[in-house]
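As C-alpha coordinates, the structure follows; a few thoughts come after it.
By convention here, the first residue in the shown sequence is residue 1. Computed from a predicted model, the values in this text were never measured in an experiment.
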Amino acid sequence: MIELTRQYGRYGYRRVAALPRDAGWQVNDKRIERLWRREGLKVPMKQPKKGRLWLNDGSWLRLRPEYCDHVWSYDFVHHRTDDGKVFRMLNILDEHSRECLAIRVERKLNSTDVINLLTDLFILRGVPAFIRSDNGPEFVAQAVRDWIAAVGAKTAYIVPGSPWENGYCESFNARFRDELLNGEIFYSLKEAQIIIEEWRKHYNTKRPHSALGYRPPAPETIVLLVTRPVMH
(Lines give C-alpha, C1' and ligand atoms only; values in the text may rest on other atoms or scores of the structure.)
Protein backbone atom coordinates (compact mmCIF):
# COMPACT_ATOMS: atom_id res chain seq x y z
CA MET A 1 0.00 0.00 0.00
CA ILE A 2 2.81 2.41 0.85
CA GLU A 3 4.50 1.75 -2.49
CA LEU A 4 1.25 2.39 -4.38
CA THR A 5 0.70 5.57 -2.40
CA ARG A 6 4.18 6.77 -3.31
CA GLN A 7 3.49 6.04 -6.95
CA TYR A 8 -0.03 7.49 -7.00
CA GLY A 9 0.16 10.08 -4.28
CA ARG A 10 -3.27 11.59 -4.90
CA TYR A 11 -5.31 8.37 -4.76
CA GLY A 12 -7.68 7.73 -1.86
CA TYR A 13 -7.67 4.44 0.08
CA ARG A 14 -10.51 2.89 -1.96
CA ARG A 15 -8.68 3.53 -5.21
CA VAL A 16 -5.43 2.20 -3.72
CA ALA A 17 -7.29 -0.90 -2.49
CA ALA A 18 -8.62 -1.59 -5.99
CA LEU A 19 -5.14 -1.85 -7.50
CA PRO A 20 -3.85 -4.89 -5.55
CA ARG A 21 -7.23 -6.61 -5.98
CA ASP A 22 -6.85 -6.24 -9.74
CA ALA A 23 -3.41 -7.80 -9.37
CA GLY A 24 -4.88 -10.85 -7.56
CA TRP A 25 -4.43 -9.89 -3.89
CA GLN A 26 -7.19 -10.74 -1.39
CA VAL A 27 -7.63 -7.44 0.46
CA ASN A 28 -10.72 -5.47 1.49
CA ASP A 29 -11.35 -1.75 1.84
CA LYS A 30 -11.64 -1.83 5.65
CA ARG A 31 -8.14 -3.21 6.11
CA ILE A 32 -6.67 -0.67 3.70
CA GLU A 33 -8.59 2.11 5.46
CA ARG A 34 -7.16 1.12 8.85
CA LEU A 35 -3.62 1.13 7.46
CA TRP A 36 -4.35 4.36 5.59
CA ARG A 37 -5.47 6.19 8.73
CA ARG A 38 -2.63 4.74 10.79
CA GLU A 39 -0.15 6.21 8.31
CA GLY A 40 -1.94 9.58 8.34
CA LEU A 41 -2.57 9.63 4.61
CA LYS A 42 -4.86 12.18 2.99
CA VAL A 43 -8.28 11.50 1.48
CA PRO A 44 -8.99 13.58 -1.68
CA MET A 45 -11.91 16.00 -1.92
CA LYS A 46 -15.28 14.84 -3.21
CA GLN A 47 -16.50 15.64 -6.72
CA PRO A 48 -18.75 18.75 -6.92
CA LYS A 49 -22.45 18.46 -7.67
CA LYS A 50 -23.81 18.91 -11.19
CA GLY A 51 -26.64 21.28 -12.09
CA ARG A 52 -28.92 22.11 -14.97
CA LEU A 53 -27.86 22.58 -18.57
CA TRP A 54 -29.00 25.20 -21.09
CA LEU A 55 -29.57 24.37 -24.76
CA ASN A 56 -29.31 26.61 -27.81
CA ASP A 57 -33.06 27.26 -27.98
CA GLY A 58 -33.16 28.66 -24.43
CA SER A 59 -34.65 25.52 -22.88
CA TRP A 60 -32.95 23.60 -20.12
CA LEU A 61 -32.75 20.07 -18.80
CA ARG A 62 -30.73 18.02 -16.39
CA LEU A 63 -28.78 16.06 -18.95
CA ARG A 64 -27.55 12.73 -17.60
CA PRO A 65 -25.31 10.52 -19.75
CA GLU A 66 -27.12 7.21 -20.31
CA TYR A 67 -24.74 5.28 -22.57
CA CYS A 68 -21.33 5.57 -24.21
CA ASP A 69 -21.12 8.38 -26.76
CA HIS A 70 -24.37 9.90 -25.48
CA VAL A 71 -22.79 13.02 -23.95
CA TRP A 72 -19.27 14.25 -24.51
CA SER A 73 -17.88 17.25 -22.70
CA TYR A 74 -14.82 19.32 -23.42
CA ASP A 75 -12.86 22.11 -21.82
CA PHE A 76 -9.53 23.92 -21.92
CA VAL A 77 -6.76 23.73 -19.31
CA HIS A 78 -3.76 26.07 -19.23
CA HIS A 79 -0.24 25.38 -18.00
CA ARG A 80 3.37 26.55 -18.60
CA THR A 81 6.61 24.99 -19.67
CA ASP A 82 9.70 25.60 -17.55
CA ASP A 83 10.60 28.70 -19.59
CA GLY A 84 7.36 30.37 -18.54
CA LYS A 85 5.60 30.03 -21.91
CA VAL A 86 1.92 29.11 -21.76
CA PHE A 87 0.45 26.08 -23.49
CA ARG A 88 -3.18 24.97 -23.72
CA MET A 89 -4.80 21.56 -23.48
CA LEU A 90 -8.17 20.65 -24.97
CA ASN A 91 -9.66 17.76 -22.97
CA ILE A 92 -12.55 15.71 -24.37
CA LEU A 93 -14.43 13.18 -22.21
CA ASP A 94 -17.17 10.62 -22.60
CA GLU A 95 -19.35 11.39 -19.57
CA HIS A 96 -20.90 7.92 -19.33
CA SER A 97 -17.74 5.81 -19.50
CA ARG A 98 -15.54 8.57 -17.94
CA GLU A 99 -12.99 7.82 -20.66
CA CYS A 100 -10.71 10.66 -21.70
CA LEU A 101 -11.08 10.53 -25.48
CA ALA A 102 -8.30 13.00 -26.28
CA ILE A 103 -6.01 15.69 -24.91
CA ARG A 104 -4.69 18.05 -27.57
CA VAL A 105 -1.62 19.96 -26.33
CA GLU A 106 -0.48 23.06 -28.23
CA ARG A 107 0.77 26.58 -27.57
CA LYS A 108 -2.42 27.98 -29.10
CA LEU A 109 -5.79 26.35 -29.76
CA ASN A 110 -8.74 27.97 -31.48
CA SER A 111 -12.15 27.03 -32.89
CA THR A 112 -10.57 25.45 -35.98
CA ASP A 113 -8.50 23.16 -33.73
CA VAL A 114 -11.68 22.21 -31.87
CA ILE A 115 -13.34 21.19 -35.15
CA ASN A 116 -10.27 19.26 -36.32
CA LEU A 117 -10.00 17.23 -33.11
CA LEU A 118 -13.72 16.49 -33.04
CA THR A 119 -13.54 15.39 -36.68
CA ASP A 120 -10.86 12.83 -35.84
CA LEU A 121 -12.91 11.50 -32.92
CA PHE A 122 -16.14 11.35 -34.92
CA ILE A 123 -14.38 9.26 -37.56
CA LEU A 124 -13.06 6.87 -34.91
CA ARG A 125 -16.10 6.63 -32.60
CA GLY A 126 -19.11 8.08 -34.38
CA VAL A 127 -21.10 11.19 -33.51
CA PRO A 128 -22.37 11.70 -29.91
CA ALA A 129 -25.89 12.92 -29.20
CA PHE A 130 -24.73 15.94 -27.16
CA ILE A 131 -21.53 17.90 -26.69
CA ARG A 132 -21.38 19.82 -23.41
CA SER A 133 -19.13 22.84 -22.81
CA ASP A 134 -18.90 26.25 -21.24
CA ASN A 135 -19.44 29.45 -23.20
CA GLY A 136 -15.81 30.00 -24.19
CA PRO A 137 -15.28 31.70 -27.56
CA GLU A 138 -13.76 28.56 -29.09
CA PHE A 139 -16.94 26.59 -28.27
CA VAL A 140 -19.64 29.16 -29.10
CA ALA A 141 -17.99 30.24 -32.36
CA GLN A 142 -20.56 30.08 -35.15
CA ALA A 143 -18.33 27.81 -37.24
CA VAL A 144 -18.19 25.26 -34.42
CA ARG A 145 -21.93 25.39 -33.77
CA ASP A 146 -22.80 25.07 -37.45
CA TRP A 147 -20.38 22.19 -37.95
CA ILE A 148 -21.62 20.24 -34.91
CA ALA A 149 -25.22 20.69 -36.05
CA ALA A 150 -24.31 19.61 -39.59
CA VAL A 151 -22.96 16.25 -38.39
CA GLY A 152 -26.06 15.54 -36.32
CA ALA A 153 -25.01 16.34 -32.75
CA LYS A 154 -26.43 18.97 -30.39
CA THR A 155 -24.46 21.56 -28.47
CA ALA A 156 -25.30 22.01 -24.79
CA TYR A 157 -23.87 25.04 -22.99
CA ILE A 158 -23.74 25.54 -19.24
CA VAL A 159 -24.90 28.73 -17.55
CA PRO A 160 -22.14 31.39 -17.74
CA GLY A 161 -20.15 31.57 -14.53
CA SER A 162 -21.35 28.14 -13.33
CA PRO A 163 -18.44 25.73 -13.92
CA TRP A 164 -19.93 23.17 -11.50
CA GLU A 165 -22.62 22.49 -14.11
CA ASN A 166 -19.91 20.91 -16.25
CA GLY A 167 -19.03 18.67 -13.35
CA TYR A 168 -17.57 15.78 -15.34
CA CYS A 169 -14.95 17.94 -17.04
CA GLU A 170 -14.30 20.00 -13.90
CA SER A 171 -13.68 16.82 -11.91
CA PHE A 172 -11.39 15.43 -14.61
CA ASN A 173 -9.47 18.71 -14.89
CA ALA A 174 -8.95 18.77 -11.12
CA ARG A 175 -7.58 15.20 -11.12
CA PHE A 176 -5.45 15.97 -14.17
CA ARG A 177 -3.87 18.99 -12.53
CA ASP A 178 -3.54 17.40 -9.11
CA GLU A 179 -2.10 14.05 -10.22
CA LEU A 180 0.08 15.22 -13.12
CA LEU A 181 0.49 18.90 -13.91
CA ASN A 182 1.27 20.04 -10.35
CA GLY A 183 4.01 17.41 -10.02
CA GLU A 184 5.80 17.74 -13.36
CA ILE A 185 8.29 20.17 -14.87
CA PHE A 186 7.91 20.35 -18.66
CA TYR A 187 11.07 21.60 -20.36
CA SER A 188 9.48 21.71 -23.82
CA LEU A 189 6.11 21.47 -25.50
CA LYS A 190 7.08 18.11 -27.01
CA GLU A 191 7.91 16.70 -23.59
CA ALA A 192 4.53 17.91 -22.30
CA GLN A 193 2.73 16.26 -25.22
CA ILE A 194 4.43 12.90 -24.61
CA ILE A 195 4.01 12.83 -20.82
CA ILE A 196 0.40 14.02 -20.94
CA GLU A 197 -0.52 11.39 -23.54
CA GLU A 198 1.09 8.69 -21.36
CA TRP A 199 -0.96 9.91 -18.39
CA ARG A 200 -4.16 9.90 -20.49
CA LYS A 201 -3.56 6.25 -21.41
CA HIS A 202 -2.90 5.41 -17.74
CA TYR A 203 -6.08 7.25 -16.72
CA ASN A 204 -8.15 5.25 -19.22
CA THR A 205 -6.62 1.81 -18.77
CA LYS A 206 -5.18 1.59 -15.22
CA ARG A 207 -6.48 4.28 -12.88
CA PRO A 208 -9.36 3.01 -10.69
CA HIS A 209 -12.43 5.26 -10.93
CA SER A 210 -14.80 5.48 -7.95
CA ALA A 211 -17.90 6.04 -10.11
CA LEU A 212 -17.13 2.81 -11.99
CA GLY A 213 -16.73 0.59 -8.93
CA TYR A 214 -12.99 1.33 -8.83
CA ARG A 215 -12.42 0.02 -12.33
CA PRO A 216 -10.64 2.00 -15.04
CA PRO A 217 -12.80 3.61 -17.77
CA ALA A 218 -11.30 1.59 -20.64
CA PRO A 219 -9.20 -1.29 -19.27
CA GLU A 220 -6.81 -3.00 -21.62
CA THR A 221 -7.85 -6.44 -22.80
CA ILE A 222 -5.67 -9.32 -23.90
CA VAL A 223 -6.88 -11.31 -26.87
CA LEU A 224 -5.59 -14.86 -26.99
CA LEU A 225 -5.13 -16.14 -30.51
CA VAL A 226 -5.68 -19.86 -30.88
CA THR A 227 -3.90 -21.28 -33.87
CA ARG A 228 -5.30 -24.34 -35.53
CA PRO A 229 -2.96 -27.11 -36.69
CA VAL A 230 -2.31 -27.10 -40.41
CA MET A 231 -3.73 -30.16 -42.09
CA HIS A 232 -1.49 -31.69 -44.77
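- A donor-acceptor pair under 3.5 Å is absent between the side-chain atoms of Glu197 and the main chain of Gln193, judged by distance alone.
- To the nearest 0.5 angstrom, His202 atom NE2 is 12.5 Å from Cys100 atom SG.
- No continuous path of ILVMFWY side-chain contacts below 4.5 Å connects Met89 to Ile115, so the two sit in separate hydrophobic clusters.
- In this structure, OG in Ser111 is found 11.0 Å from CD in Gln142, a value given to the nearest 0.5 Å.
- Proximity of His209 to Arg215: side-chain heavy atoms (C-beta onward) are nowhere separated by under 4.5 Å.
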Derivation and outcome, side-chain contact (heavy atoms from CB on, under 4.5 Å), residues Leu180 and Ile195: CA-CA 9 Å; Leu180 179 70; Ile195 293 175; 3.9 Å; yes
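- With a 4.5 Å cut-off on side-chain heavy atoms, Asn28 and Ile32 do not count as touching.
- Counting heavy atoms from C-beta outward, Phe130 and His70 have side chains that approach closer than 4.5 Å.
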Checking Tyr168 against Arg132 for the side-chain contact (heavy atoms from CB on, under 4.5 Å) test, could you report, in this order, the C-alpha distance in whole Å, the side-chain angles of both residues, the deciding distance, and whether it holds? CA-CA 10 Å; Tyr168 294 93; Arg132 189 193 317 249; 4.3 Å; yes
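- Under the 4.5 Å side-chain heavy-atom criterion for grouping Ile, Leu, Val, Met, Phe, Trp and Tyr, Val114 is not connected to Val105 through any hydrophobic cluster.
- Heavy-atom minimum distance, Leu93 versus Cys169: CD1-CA, 3.7 Å.
- Here the shortest heavy-atom pairing between Leu181 and His79 reads O-NE2, 3.5 Å.
- Heavy atoms only, all atoms of each residue included: Asp29 and Arg14 are closest at OD2-CG, 4.0 Å.
- For Arg145 (side chain) and Thr155 (main-chain N/O), no donor-acceptor pair under 3.5 Å exists by modelled atom type.
- Between Phe186 and Arg80 the shortest side-chain heavy-atom distance does not fall below 4.5 Å.
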I'd like to know whether Asp82 forms a side-chain contact (heavy atoms from CB on, under 4.5 Å) with Ile185, so could you lay out the CA-CA distance, the side-chain angles of the two residues, the decisive distance to 0.1 Å, and finally the verdict. CA-CA 6 Å; Asp82 187 54; Ile185 298 175; 3.7 Å; yes
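- Considering only heavy atoms from C-beta on, Phe139 stays 4.5 Å or farther from Ile131 through its side chain.
- Geometrically, Arg88 engages Phe76 in a cation-pi contact defined by less than 6.0 Å to the ring centre and at most 45° from the axis.
- With respect to the salt-bridge test (charged N to carboxylate O, under 4.0 angstrom), the residues Lys201 and Glu198 do not qualify.
- Looking only at distances, a side-chain donor or acceptor of Asp113 sits under 3.5 Å from a matching main-chain atom of Asn110.
- The aromatic rings of Trp147 and Phe122 lie parallel to each other, with less than 30° between the two planes, well short of the 60° mark.
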CA sep, side-chain torsions, deciding dist, call: Arg107, Thr81, side chain to side chain donor-acceptor pair (under 3.5 Å): CA-CA 10 Å; Arg107 291 294 183 188; Thr81 46; 3.2 Å; yes
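- Cluster membership check: Val77 shares its hydrophobic cluster with Ile103, using side-chain heavy-atom separations under 4.5 Å among Ile, Leu, Val, Met, Phe, Trp and Tyr.
- The hydrophobic clustering, which links ILVMFWY residues whose side-chain heavy atoms are closer than 4.5 Å, places Tyr203 and Ile194 apart.
- Inter-residue side-chain proximity for Asn204 and Leu101 is flagged as unmet; no heavy-atom pair is nearer than 4.5 Å.
- At least one donor-acceptor pair under 3.5 Å links the side chain of Arg21 to the backbone N or O of Val27.
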Residues Phe172, Trp199; criterion ring pair (Phe, Tyr, Trp, His ring centres under 6.0 Å); working and verdict: CA-CA 12 Å; Phe172 174 82; Trp199 182 87; 5.7 Å; yes
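- Closest approach of Pro217 and Arg207 over heavy atoms only: CD-O, 4.0 Å.
- Between Ser73 and Glu95, the closest side-chain pair of non-hydrogen atoms falls below 4.5 Å.
- The shortest heavy-atom contact between Leu117 and Ala102 is CD1-CB, 4.0 Å.
- When all heavy atoms of Gly126 and Trp72 are compared, the closest pair comes out as O-CH2, 3.9 Å.
- At a threshold of 4.5 Å between non-hydrogen side-chain atoms, the residues Arg104 and Glu106 count as touching.
- For the atom pair CD1 of Ile148 and CG of Leu118, the computed distance is 6.0 Å after rounding to the nearest 0.5 Å.
- A salt bridge is absent between Arg125 and Asp120; no separation between the charged side-chain nitrogens and carboxylate oxygens falls under 4.0 Å.
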